[in-house]
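Single-structure report; data block below.
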There are 2 protein chains.
Amino acid sequence: MQKKEYTIPMNYASAERQARLFKALMHPVRLQILDLLRDGEQCVCHLEALLGQRQAYVSQQLAVLRKAGLLNDRRDGGNSYYCITRPEVLGLLDSARAIMGEAWSERSAPPPDCPCPRCSPSLGRSPDPVMFSTEEILR
Amino acid sequence: MQKKEYTIPMNYASAERQARLFKALMHPVRLQILDLLRDGEQCVCHLEALLGQRQAYVSQQLAVLRKAGLLNDRRDGGNSYYCITRPEVLGLLDSARAIMGEAWSERSAPPPDCPCPRCSPSLGRSPDPVMFSTEEILR
DNA sequence: TTGCAATATGCAAAAAAAGGAATATACTAT
DNA sequence: ATAGTATATTCCTTTTTTTGCATATTGCAA
């Protein structure tokens with residue numbers, strides 16, 4: 001008779017480390033954010049516009065992802081740009097979609113109304129049609 | 001000048017569906033359970049022994065995974081056996097491990113002290129060395 | 001400096017998840 | 001039926017997350 005082998009559970013520390021990753025991914029808006037960063041970095045105002053969420057809210061979710069080590073941020077003047085540090089996580093999203101079924105909608109749309117210099121070099125912050133001088137507004 | 005394409009976020013419903021999956025995976029003990037089920041179904045008492053956790057606790061975590069659609073249960077006499085319904089989730093665990101680094105320990109160990117018929121056909125419930133008749137115990 | 005825009009952070013109430021304990025259910029054997 | 005074993009579920013308390021709101025910070029321009 002052959003010696004029987006018994007499986008032992010993966011150690012708790014490893015399980016916790018993995019759980020931390022999934023914990024970062026367990027939030028719909030955070031998943032949307034990661035998905036939006038697929039093709040490269042985006043500035044916060046852009047994400048805000050695309051998601052239609054309050055600024056502080058988006059910033060909070062970004063912070064969660066950043067603290068989990070999934071995002072890097074880069075400051076450029078007034079704007080900050082976030083990008084994915086571990087592109088492998090995108091594979092997790094794809095697997096999740098495959099497992100839970102149902103593809104998501106098309107991935108192209110009309111331009112969001114986002115003021116960041118990259119999105120709207122003309123519109124944006126830069127020239128900013130001045131209609132009143134500070135003095136006029138303050139009367 | 002080329003028409004610029006804009007990415008839209010995956011719809012919230014999809015994101016929520018995926019989030020539900022990750023939510024089920026965000027718990028260390030649940031990950032340990034899934035890992036123990038890699039090589040096929042196991043009975044609850046077995047899992048209990050391997051994890052060193054209370055029965056009710058293990059049962060609760062199994063229920064979470066079952067309700068998330070990740071586990072199937074099969075009743076056989078007094079015991080119930082759980083198995084993974086979507087083997088693809090194991091890929092998620094592997095990816096998570098790869099992303100979070102650090103391999104887990106060896107996967108073989110001495111037999112757990114588990115009473116289920118499969119583990120210990122001799123030991124187990126079945127023969128059960130009878131030392132007293134019911135009458136004797138009840139006096 | 002002052003003011004404004006972009007972004008981040010702190011705080012508190014509400015919601016959700018975790019974990020313990022008791023109890024319920026289902027089978028088996030007597 | 002009765003008792004015992006294996007497993008599931010319910011209830012309750014504690015801990016974490018979530019999320020809105022206010023405020024702080026940073027950079028830039030007037």
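Letters A, B, ... mirror the listed sequences (proteins, then strands); counts begin at 1.
If Gln60(B) and Gly78(B) are placed on DNA chain C by their nearest nucleotide, the residue sitting closer to the 5' end is Gln60(B). Residue whose closest nucleotide on DNA chain D sits further toward the 5' end, between Lys67(B) and Gln61(A): Lys67(B). Mapping Asp73(A) and Lys23(B) onto DNA chain C via the closest heavy atom, the residue that lands nearer the 5' end is Asp73(A).
Note: CE (Met26(A)) to P (dA15(C)) measures 17 Å, nearest angstrom. Protein atom CD of Gln53(A) is 18 Å distant from nucleotide atom P of dA6(C), rounded to whole Å. Between the C1' atom of dA18(C) and the CZ atom of Arg20(A) lies a distance of 17 Å, rounded to the nearest Å. Computed from coordinates, the Ile33(A) CD1 to dT7(C) C1' distance equals 13 Å when rounded to whole Å. The OH-C1' distance, from Tyr81(A) to dT26(D), rounds to 15 Å in whole Å. Spacing between atom CD of Glu16(A) and atom C1' of dA18(C) amounts to 13 Å, rounded to whole angstrom units. Summarising the geometry, the separation between CG on Leu62(B) and C1' on dT10(D) is reported as 17 Å, rounded to the nearest angstrom. Atom C1' of nucleotide dT5(D) and atom CG of Asp76(B) are separated by 15 Å, given to the nearest angstrom.
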**OP:** Check the pair Leu37(B), Leu90(B) against side-chain contact (heavy atoms from CB on, under 4.5 Å), reporting the backbone distance first and the verdict last.
**Re:** CA-CA 9 Å; Leu37(B) 296 178; Leu90(B) 293 174; over 6 Å; no
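Under 4.0 angstrom from either OP1 or OP2 of dT18(D) there lies at least one side-chain N or O belonging to Arg30(A). The side chain of His46(A) places no N or O atom within less than 4.0 Å of a non-bridging phosphate oxygen (OP1 or OP2) of dA6(C). Proximity of Tyr82(A) to the phosphate of dA8(C): a side-chain N or O atom is located under 4.0 Å from OP1 or OP2. Neither OP1 nor OP2 of dC27(C) sits under 4.0 Å from any side-chain N or O of Asn79(B). Distances shorter than 4.0 Å separate some side-chain N or O of Ser80(B) from OP1 or OP2 on dA8(D). The phosphate of dG20(D) (OP1 or OP2) has a side-chain N or O of Arg54(A) nearer than 4.0 angstrom. Listed pair Arg66(A) / dT7(C) fails the phosphate criterion, with no side-chain N or O lying under 4.0 Å from OP1 or OP2.
Across dT9(C), dT18(D), dA8(D), the shortest atom-to-atom separation from the side chain of Ala56(A) is found for dT9(C). Of all nucleotides listed (dA17(C), dG19(C), dT7(C)), dG19(C) comes nearest to the side chain of Tyr57(B). Residue His27(A) has its side chain nearest to dT18(D) when only dT7(C), dT18(D), dT7(D) are considered. Checking dG19(C), dT7(C), dA8(D) against the side-chain heavy atoms of Val44(A) singles out dT7(C) as nearest.
Considering only heavy atoms from C-beta on, Phe22(A) comes within 4.5 Å of Leu31(B) through its side chain.
In this structure, CE on Met100(A) lies 7.5 Å from CZ on Arg17(B), to the nearest 0.5 angstrom. From Leu34(B), atom CG reaches atom CD of Gln61(B) across 11.0 Å, with rounding to the nearest 0.5 Å. In this structure, CG on Asp73(B) lies 13.0 Å from SG on Cys43(B), to the nearest 0.5 angstrom. From Lys67(B), atom NZ reaches atom CZ of Arg20(B) across 14.5 Å, with rounding to the nearest 0.5 Å.
Put simply, the side chain of Gln55(B) and the base of dA6(D) share no donor and acceptor less than 3.5 Å apart.
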